[in-house]
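Below: one structure, written as C-alpha cells.
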Number of protein chains: 4
Amino acid sequence: MSEVSRRENNKTKRRTAILDAARAQFANKGLQATKMEEIAEMADVSKGTIYLYFETKDDLYVSVILDDFMNIEEQILEIFETDGSLFDKGKSTYLAFIDHCMQNTDYIKIAQYFLTDDARKNMSDKLIETVNEQTSRLIAYVARMVQVGIDSGFIREEIDPKIFSLMIWRMTVGLLELVFSGDTEKLGVGDFHDLFESAYDVLMAGIRKPAQKKSIRTNVEKLAERLRPDGII
Amino acid sequence: MSEVSRRENNKTKRRTAILDAARAQFANKGLQATKMEEIAEMADVSKGTIYLYFETKDDLYVSVILDDFMNIEEQILEIFETDGSLFDKGKSTYLAFIDHCMQNTDYIKIAQYFLTDDARKNMSDKLIETVNEQTSRLIAYVARMVQVGIDSGFIREEIDPKIFSLMIWRMTVGLLELVFSGDTEKLGVGDFHDLFESAYDVLMAGIRKPAQKKSIRTNVEKLAERLRPDGII
Amino acid sequence: MSEVSRRENNKTKRRTAILDAARAQFANKGLQATKMEEIAEMADVSKGTIYLYFETKDDLYVSVILDDFMNIEEQILEIFETDGSLFDKGKSTYLAFIDHCMQNTDYIKIAQYFLTDDARKNMSDKLIETVNEQTSRLIAYVARMVQVGIDSGFIREEIDPKIFSLMIWRMTVGLLELVFSGDTEKLGVGDFHDLFESAYDVLMAGIRKPAQKKSIRTNVEKLAERLRPDGII
Amino acid sequence: MSEVSRRENNKTKRRTAILDAARAQFANKGLQATKMEEIAEMADVSKGTIYLYFETKDDLYVSVILDDFMNIEEQILEIFETDGSLFDKGKSTYLAFIDHCMQNTDYIKIAQYFLTDDARKNMSDKLIETVNEQTSRLIAYVARMVQVGIDSGFIREEIDPKIFSLMIWRMTVGLLELVFSGDTEKLGVGDFHDLFESAYDVLMAGIRKPAQKKSIRTNVEKLAERLRPDGII
DNA sequence: AATGAATGAGTATTCATTCAT
DNA sequence: CATGAATGAATACTCATTCAT
C-alpha cells in the first residue's frame, strides 16, 4: 500500500469513527444535548480534529443522516433485483425500510429535525440542498414504481405518482416518529407490525385499479428494469 | 363589575396578550431563537410577568399550541353539525383542518417539535400528558367516524379505526410540515390544494367498501348524531 | 379594650407572627435561601404586609436576632439575682447562655452572618449600630463582673476586663459556630458539655489570683448589686 | 524546556493569576458581590478560562483560602525550627499567625464564610472535606504542643489538648473577625497588639502548672523535635 | 494532521421590592 | 392597613468554534 493511500485509508477510518460516535450520541440524547466533546471522546480524537472532517455540528449531524441514507438506498435496491409481482416488491421494500428505521432510529430523528424551523436557522443552504437531493431521489424511486403500476394497469390512472410518493413517505415517517416518541402506547397502539402493514394495505387499496386483468401481469418482467434509479423514466 | 371580576378580566387579557406575542415570535423564529425578552416587549409586559402566567418557556410554547388546538376543535365541531353524507362531512372537516393549519402555521410547528427528543428533555411530564390527551381526543373523533362508516356498510370491516386515525393524522401533519418547510417546490409539488385533496381521496378509496348498497345510504341521517364527541359510541 | 389599643394589639401579634416565621425559615435554610414569600406564607400574611413592619429582608433578619437577644438578656439577668459566689454565678450565666444557644441556634447563625463582609454591604448603618449597642451592653455586663472580681481580690489586677469580655464572647460564639457547623465530630470532639465547661474553666484559671484570701469572700454580698446592668459602675 | 513542561508552566502561571485576582476581589467586596467577570478581567483571561481551572465560584473561593492556608503552614513551621522554650515558641507562632492574618485578611473571611449555613448549601462535600482536613492538621499541631507541655510538666494534666486547640483557634479567629469587622473601635478596643497578646497570656495562665519544677526545664531541648508535624507523637 | 487550551457570546429565571387598588 | 400583581435588575455557567503549537 502506498504512503498516500495509507494516509487516505486513515482519514477514512477516522471519519467513520467520528460519524459512528456522533450517530450514537445524537440518537441517545438528541442534537442539542449532545456535546462535541462527548463525540470526540467516544471517537477517540480531539475536539479540534472533528472540525478537520466536518465544518460544524450541524454539518456533522446531517452527515450522519446522509450516511444512513446511503445505507438504506443500498438495501432497498437489492430488493428490487429480486423477482416477484409489483405489489409484492413494493411491500418488501416498504417493510425493509420500516425494519431499517426501527433498528436505526437515528435516521428518522434527523428527518424530524430537518424540517424544523430551528434547524433551518443553523443549517447552510448547501446542507439543505444535499439532503433534498437525496430525498428527491428516494421519492423518485417510489414515483417510478407507481408509474410502472399505472402503465401496467395495476394502478388507477388518476393517481399522481409524485403526490402518492410524498403521501406514503410522510405517513410512514410520521408513524415512525410517533412510535419513537413512545406515545403510541398512550394512544392505544400495541402491535407495530400490524400498524405499518395495515397502513400500507390501505394505501395500496386506495390506488389499485378495481378490476385487474391477468394478461397485464406478463409485462412485469419487462418493466422491472425501468425501476433502476438511473433508469430512463 | 366587581373588583375581583375586574381583576380576573385583566389577568385573562394579559394572558392572552402574552400568548399572542409568543405565537407570533415562535412562528417567526422557532422556539430556540425566540427570546423571552422579545415576547415580553411585544406583549407589553415585563419579563417577570410572563413567569406569573407560565412556568417556563416550554410551558408557554406548549400553551400556545394548546390554545390553537382548542380553536381547531371548535371549528371542526361546527362542521359536524351540518347535514350531508358521511364522506362529505369527513372531507369538509379534513379540508377545514388543512385550511386552519395553512393559516395558523404555529400549530403544526409545535406538533413537529413535540415529538422530538430534544423537546422531551425539557418538557414536564404534565405538559406531555396534556398534549397527549388533546391529541387522543382528536384521534378519537376520527376513529368514531370510521366506526360509523363501518357500521353503516360504507367502510370495509377489516379497517382498524384507530390505526386509520393515526395514519391520516400523521400523513396530513407530515405533508403540512413538508409544505411549511418550503421544500415542496424543490420536490416538485405546485398546487397544495391538489396535494391534500388527492391524499384524502386515496385514503378514502383505500377504506371504502367496493360494492356500496344504495339502501344503506338512507341511514346516514340517523347515524349523524353518533358522531358527536360526547356521543354514546 | 379601646379601639386604639385593640389595633395596637393586632399589630403586635402580626409583627410577632412574621418574626417567628422568619426565625424558623432563616434557621432552617439560611438567609440567602429563604424567600420573603415563604415567610409571608408561614406568617399567614401577604408579601406586601411584611414591608409594613420591616424595611428590608436584612432588617427583618436582624430584627429576629435582636428579639433573641432580648430574651437572652432577660434570662441571664435572672441568674444574677440568685445568691452565690462570683465564679459560681459567672459559670451559671455562661452555661445558661450556652444552653440557650444550643436550643435557639438562630442567634449564633445571625451573629455569624453579622460580622461578614457580605452582610455589611446590604445592611443599613442604623442596623449595625443597633446590634452593636446590644452587644456592647452584654459585653459590659461581663466586664463589670470581672471588675468586681478584681476589686474583690479574686481576679488578677493585670486583667483588662474589656479584653477578657471580648475573649470569652468570641471564643464561646466561635465554639458554638463550630458545633453548629457539624464539623466538630470530624474534628474529634464528642461531648459538648465537656467542651464548653473545660473552656470556661481554663479561662477562669487564666485570670484567677493564685492565692485567694478567705477574708475577701465576705465582700461578695456587698458587691452583688454592682453587677446590675443599670448599676453605677 | 520541553513542550509539555512549558505548557505545564503556563497553566500554573494562569492558575496563580486567577487565584490572585480572585483573592483581591473577594477580600474587597465579599463573595456574593464579586462577579466572575471581574475576576476574569483582573486576571486577564476570559470568563470561560476560569472554569477550566475551577469548577464553580465557590470552588474558586475555597481554593483561595486553601492557598493561604498552605502559606500560613509554611511560615509557622519555620518558627518551630528555632530554639527557645516551649511557651516562647508557642507565643511566636501565635503572633506570627496573627500577623499573617492581619496582612492577609482573606483567610479569616473565608473561614468565617465557611462555617456558615449559606456556604454549606452551595459547597461540594469534597470542598468541605478538604478544608476540614487542613484545619484538623493545624489543630493537631497545637494539640501536640500542648501534649508536650503536659509531658514536660509545664501544663496541667487535666487539660485536654484537643479542646484547648479548638478554644485558642476559635477565640483567635473570633477576635480577628471582630477586628476586621471594624466594630472593635465602637466596642472600645484600641490596641490590637495588646488585645491579642493579653488573650494569649490569659489562655496560657489558664493551663500552666502553678508550681513548675526547674529540673524539668532541661527537657525542653529534647522535646522540641517531637513538635514536628511528621513527628512520632 | 492533530491537539486542546482559550475564547466569549448568549439567556432563562429568580425574587426583593413597589404601589395601585 | 392589607393585598398581590407587576417589576426588572442581576449573573453564573456552557460549549461550539478557533488557532497557536
Side-chain angles (χ1 to χ4, degrees), chain A residues 7 10-11 14 31-41 44-60 122, chain B residues 3-4 6-8 10-11 14-15 32-41 44-60 122, chain C residues 7 10-11 14 31-41 44-60 122, chain D residues 3-4 6-8 10-11 14-15 32-41 44-60 122:
Chain A
R7 202 178 282 164
N10 264 329
K11 279 184 73 169
R14 208 153 233 159
L31 174 61
Q32 240 195 103
T34 297
K35 322 277 171 246
M36 291 301 264
E37 179 99 54
E38 294 167 338
I39 296 174
E41 261 173 40
D44 214 42
V45 298
S46 82
K47 236 188 311 183
T49 301
I50 298 182
Y51 287 87
L52 294 175
Y53 292 87
F54 304 93
E55 283 182 21
T56 66
K57 190 185 182 183
D58 279 291
D59 183 25
L60 175 54
N122 304 319
Chain B
E3 164 62 18
V4 173
R6 178 181 302 129
R7 197 178 282 168
E8 274 314 302
N10 264 329
K11 281 183 77 165
R14 205 149 238 161
R15 205 190 119 94
Q32 234 193 111
T34 297
K35 321 281 168 243
M36 291 302 264
E37 179 108 51
E38 294 167 338
I39 297 174
E41 262 173 38
D44 213 45
V45 298
S46 81
K47 230 182 318 177
T49 302
I50 299 182
Y51 287 89
L52 291 178
Y53 291 87
F54 303 94
E55 283 183 19
T56 65
K57 192 183 181 182
D58 277 290
D59 183 24
L60 176 54
N122 304 319
Chain C
R7 199 178 285 164
N10 264 330
K11 280 184 72 169
R14 208 154 232 157
L31 174 61
Q32 241 194 101
T34 296
K35 322 282 172 239
M36 290 302 264
E37 179 99 55
E38 295 167 337
I39 296 174
E41 260 174 42
D44 213 43
V45 297
S46 80
K47 236 189 311 182
T49 301
I50 299 183
Y51 287 87
L52 295 175
Y53 294 86
F54 304 92
E55 284 182 20
T56 66
K57 190 184 183 184
D58 279 291
D59 182 24
L60 175 54
N122 304 320
Chain D
E3 166 62 17
V4 173
R6 177 181 304 128
R7 197 178 281 169
E8 274 313 303
N10 265 330
K11 283 183 77 166
R14 206 149 236 163
R15 203 189 121 95
Q32 234 194 110
T34 297
K35 323 281 169 242
M36 291 303 264
E37 181 108 51
E38 295 167 338
I39 296 174
E41 262 173 40
D44 213 43
V45 297
S46 79
K47 229 185 320 179
T49 302
I50 298 182
Y51 288 89
L52 292 177
Y53 292 87
F54 304 93
E55 285 183 19
T56 65
K57 190 183 182 183
D58 278 291
D59 183 24
L60 175 54
N122 304 319

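Protein chains get the first letters and strands the later ones, always in sequence-line order, with residue 1 at the start of each. Nothing here was measured: the structure is a model prediction, and the numbers come from that model. In what follows, every heavy atom counts, from backbone to side chain, and hydrogens, waters and symmetry copies are set aside.
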Open item on the list: Can you see if the side chain of S46(B) gets near the phosphate of dT7(F) - specifically, an N or O under 4.0 Å from OP1 or OP2?
Closed with: yes
- [ ] Classify the nucleic acid contact of Y53(B) as base, sugar-phosphate or nothing, counting any heavy atom under 4.0 Å across all strands shown.
- [x] sugar-phosphate
- [ ] Please state how far atom CD in E38(B) lies from atom P in dG8(F), giving the value in whole angstrom units.
- [x] 18 Å
Open item on the list: For the NZ atom of K35(B) and the CD atom of E41(B), what is their distance to the nearest 0.5 Å?
Closed with: 13.0 Å
Task: Heavy-atom pair with the smallest gap, counting every atom of A40(D) and S46(D) - done: CB-C, 3.9 Å
- [ ] Kindly say if R14(A) contacts the phosphate of dA2(E), meaning a side-chain N or O under 4.0 Å from OP1 or OP2.
- [x] yes
Task: Separation between CE of M36(D) and OG1 of T56(D), rounded to the nearest 0.5 Å - done: 7.5 Å
- [ ] Return the value, rounded to whole Å, for the distance between atom CG of L52(B) and atom P of dT7(F).
- [x] 9 Å
TODO: Using whole Å, report how far CZ of F54(A) lies from P of dT17(F).
DONE: 13 Å
Task: Rounded interatomic separation in angstrom, taking CD1 from I39(B) and C1' from dT7(F) - done: 18 Å
Task: Separation between CD1 of I50(B) and CG of D59(B), rounded to the nearest 0.5 Å - done: 11.5 Å
- [ ] Output all residues satisfying salt bridge (charged side-chain N to carboxylate O under 4.0 Å, His left out) with K47(D), sequence neighbours left out; order by chain, then residue number.
- [x] E37(D)
Task: B/S/- contact track for nucleotides 9-14 of chain E, protein heavy atom under 4.0 Å - done: BBSSBB
Task: Pair assignment for DNA chain E - dot-bracket with | for other-strand partners, Watson-Crick or G-U under 3.5 Å - done: .||||||||||||||||||||
TODO: May I ask you to test the R14(D)-N10(D) pair for a side-chain heavy-atom distance under 4.5 Å?
DONE: no
Open item on the list: In whole Å, I'd like the distance from the CG atom of L31(A) to the P atom of dA16(F).
Closed with: 9 Å
Task: Side chain K11(A), main chain Y53(A), donor-acceptor under 3.5 Å - done: no
TODO: Side-chain contact test, heavy atoms from C-beta onward, threshold under 4.5 Å: evaluate it for V45(C) versus L52(C) and give yes or no.
DONE: no
Task: Close side-chain approach of L60(A) to I39(A), heavy-atom, < 4.5 Å - done: yes
Open item on the list: Rounded to whole Å, how long is the line connecting atom CD1 of I50(B) with atom C1' of dA5(F)?
Closed with: 15 Å
Task: Gap between atoms CG and C1', on L60(C) and dT17(E) respectively (whole Å) - done: 14 Å
